[in-house]
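Remember, it's a predicted structure, so these values are computed and weren't measured experimentally. Below, chains carry the letters A, B, ... as their sequence lines are ordered, and counting in each starts from 1.
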There are 2 protein chains.
Amino acid sequence: MQDWIERFEGLKRLDERLKRKLTQQSRIITLKKGSVVFGPGASPENLLLLLDGTVRVQQHSEGGREIVLYRVQAGESCVLTTAALLAYDDHSAEGIAETDVRAAAIPRMVFDELIATSPEFREFVFKSYSRRITDLFFVIDELAFRRVDIRLAQKLLDLQDKAGVVRATHQQLAAELGTAREVISRQLQEFQRRGWVKLSRGEVKIEDEDALRDLVVVV
Amino acid sequence: MQDWIERFEGLKRLDERLKRKLTQQSRIITLKKGSVVFGPGASPENLLLLLDGTVRVQQHSEGGREIVLYRVQAGESCVLTTAALLAYDDHSAEGIAETDVRAAAIPRMVFDELIATSPEFREFVFKSYSRRITDLFFVIDELAFRRVDIRLAQKLLDLQDKAGVVRATHQQLAAELGTAREVISRQLQEFQRRGWVKLSRGEVKIEDEDALRDLVVVV
DNA sequence: GGCGCGTCGGTGAGAATGTCACAAAACCCG
DNA sequence: CGGGTTTTGTGACATTCTCACCGACGCGCC
């Protein structure tokens with residue numbers, strides 16, 4: 001159970017002494033699916049490194065709509081969390097455990113010390129930032145410039161399981177894209193009419209993956 | 001000319017030795033208005049601290065549209081620049097000098113050393129990140145959830161000079177908001193019809209600031 | 001002054017997206 | 001099965017986007 005460090009690409013190259021320090025001084029925490037990892041008024045004291053599960057980070061509007069900003073996967077860290085919420089706790093970004101989650105919590109003190117002593121750890125942290133900021137740029141690009149049908153097709157491809165099924169309500173898909181539920185319903189109907197997907201309550205079955213890919217690529 | 005450090009809130013508290021190091025080892029550079037500070041294929045080697053002027057950071061779409069992400073003002077740093085472009089050079093985010101710009105360029109080596117040795121400098125860097133990420137969250141929020149007329153009113157208020165005049169073409173305003181030129185033209189006409197602004201080629205004169213503020217606040 | 005020429009702004013038509021109000025269908029649980 | 005909740009469907013209408021085109025303006029040049 002010590003060896004979670006090896007799962008983090010960027011941390012493998014830390015020297016042994018630091019690895020030991022890291023494992024000794026951070027706690028392993030678990031979070032139930034659906035629990036709030038951080039949110040308005042609950043900024044986390046620690047830097048979280050995800051061992052298992054995924055965390056969805058999303059933003060709310062006053063009108064009750066929401067948009068998914070990015071997901072933190074196992075092997076990644078919640079850096080933005082720590083930094084962003086310094087200045088941003090008034091607004092409503094929050095992190096939700098999408099599955100049961102296991103994570104290593106690094107206390108601020110230890111984080112600080114590692115930043116100071118280890119170039120490898122610094123690189124890890126800055127790479128993490130870089131990754132998240134890229135995600136945010138991508139969201140902005142999509143929102144500003146891409147049509148909803150294309151974004152929906154892309155999202156379905158991203159979220160499908162091995163059987164080609166996406167388990168999500170129209171409402172949830174709308175939140176993924178930051179649009180309205182009705183828009184998603186109508187787009188999905190159009191996809192179904194063309195034989196690309198099959199709809200049932202709470203799930204979308206992809207019938208013609210190639211057609212969806214074409215839509216994404218072509219236009 | 002040494003004392004530019006004092007202009008940076010977050011750097012004032014560095015100890016004297018580090019301040020000296022910083023001033024000695026960084027170059028002061030100047031950039032003409034309109035020049036590209038960084039862009040696709042031109043990621044900067046240094047961390048820039050803006051002394052005078054402003055840098056506009058924007059993103060392009062294939063369709064030729066663009067959107068302004070944020071502005072870096074005098075007294076602020078281009079941290080995102082450095083980190084984000086590691087992973088993101090394929091896409092088209094770029095920084096443009098909006099005015100003539102003077103900046104201190106901190107070499108990567110010095111940056112690294114300061115991060116390692118100074119808690120104050122670390123705080124400065126992470127605060128800078130925080131600030132930018134907040135800006136990006138804000139852009140996403142606006143794009144996803146706010147109406148164009150409200151965003152335009154807000155932008156006019158933000159960009160006006162002391163005389164209440166905004167010097168910008170409709171095209172430029174459209175780029176600020178990530179929308180199309182025609183949309184801006186029509187909205188501005190509507191504002192003019194209501195007596196809130198007066199239009200002339202290349203500029204918008206605000207005639208009723210309160211009305212614009214009401215629009216922003218109310219809806 | 002008059003003539004090009006590029007930039008800027010105006011306009012109509014139609015498509016895409018968002019909003020609102022409400023209804024129907026599917027599911028859940030006692 | 002009956003009643004309550006969640007999910008999806010639908011029409012009407014507002015807002016925003018796209019495309020195609022045109023006219024107005026500013027500027028340099030003869």
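Between the CD atom of Gln171(B) and the P atom of dC17(D) there is a distance of 13 Å, given to the nearest Å. The CD atom of Gln172(B) sits 13 Å away from the C1' atom of dG9(C) (whole-angstrom rounding). Note: CZ (Arg167(B)) to C1' (dT7(C)) measures 15 Å, nearest angstrom. As a whole-Å value, the separation of Arg151(B) CZ from dG18(C) P is 12 Å. Atom-to-atom, CG of Leu143(B) to C1' of dC17(D) comes out at 14 Å; the value is rounded to the nearest Å. Rounded to whole angstrom, the span from the CZ atom of Arg146(B) across to the P atom of dG18(C) amounts to 16 Å. When rounded to the nearest whole Å, the span between CD of Glu142(B) and C1' of dT16(D) equals 16 Å. Distance, Ile150(A) CD1 to dT17(C) P: 9 Å, rounded to whole Å.
In this model, the phosphate group of dT7(C) is not approached by any side-chain N or O of His170(B) to a distance below 4.0 Å at OP1 or OP2. For Thr179(A), a side-chain nitrogen or oxygen approaches OP1 or OP2 of dG18(C) to under 4.0 Å. For Arg181(B) and dC17(D), the shortest distance from a side-chain N or O to OP1 or OP2 is not below 4.0 Å.
The only member of Arg56(A), Arg151(A), Arg71(A) that meets salt bridge (Lys or Arg N to Asp or Glu O under 4.0 Å) when paired with Glu176(A) is Arg71(A).
Salt bridge absent: Lys12(A) and Glu6(A) never bring a charged side-chain N and a carboxylate O closer than 4.0 Å. Arg213(B) has no carboxylate O lying under 4.0 Å from a charged side-chain N of Asp210(B), or vice versa, which leaves the two without a salt bridge.
Arg65(A) comes within 4.0 angstrom of sugar-phosphate atoms only, judged by non-hydrogen atoms across all strands, and of no base.
Side-chain to base pairing of Glu182(B) with dC19(D): one donor and one acceptor N or O lie within less than 3.5 Å of each other. For a distance-only test at 3.5 Å, the side chain of Arg186(A) qualifies as a donor-acceptor partner of the base of dG11(D).
Sorted by residue number, the members of residues 191-207 of chain A with any non-hydrogen atom under 4.0 Å from DNA chain C read Arg201(A).
Of the listed nucleotides (dG10(C), dT16(D), dT19(C)), dG10(C) has the atom at the smallest distance from the side chain of Gln189(B). With dG9(C), dG9(D), dT17(C) as the choices, the nucleotide that has an atom nearest any side-chain atom of Gln187(A) turns out to be dT17(C). Side chain of Val148(A), nearest nucleotide from dG9(C), dT16(D), dG18(C): dG18(C).
The aromatic rings of Phe111(B) and Phe121(B) stand perpendicular to each other, their planes meeting at an angle above 60°, with 30° marking the opposite boundary. By the 30° and 60° cut-offs, the orientation of the rings of Phe126(A) relative to Tyr129(A) is tilted.
Considering only heavy atoms from C-beta on, Ile28(A) comes within 4.5 Å of Trp4(A) through its side chain.
For the residue pair Gln59(B) / Glu66(B), no side-chain donor-acceptor distance below 3.5 Å is found, with atom types taken as modelled.
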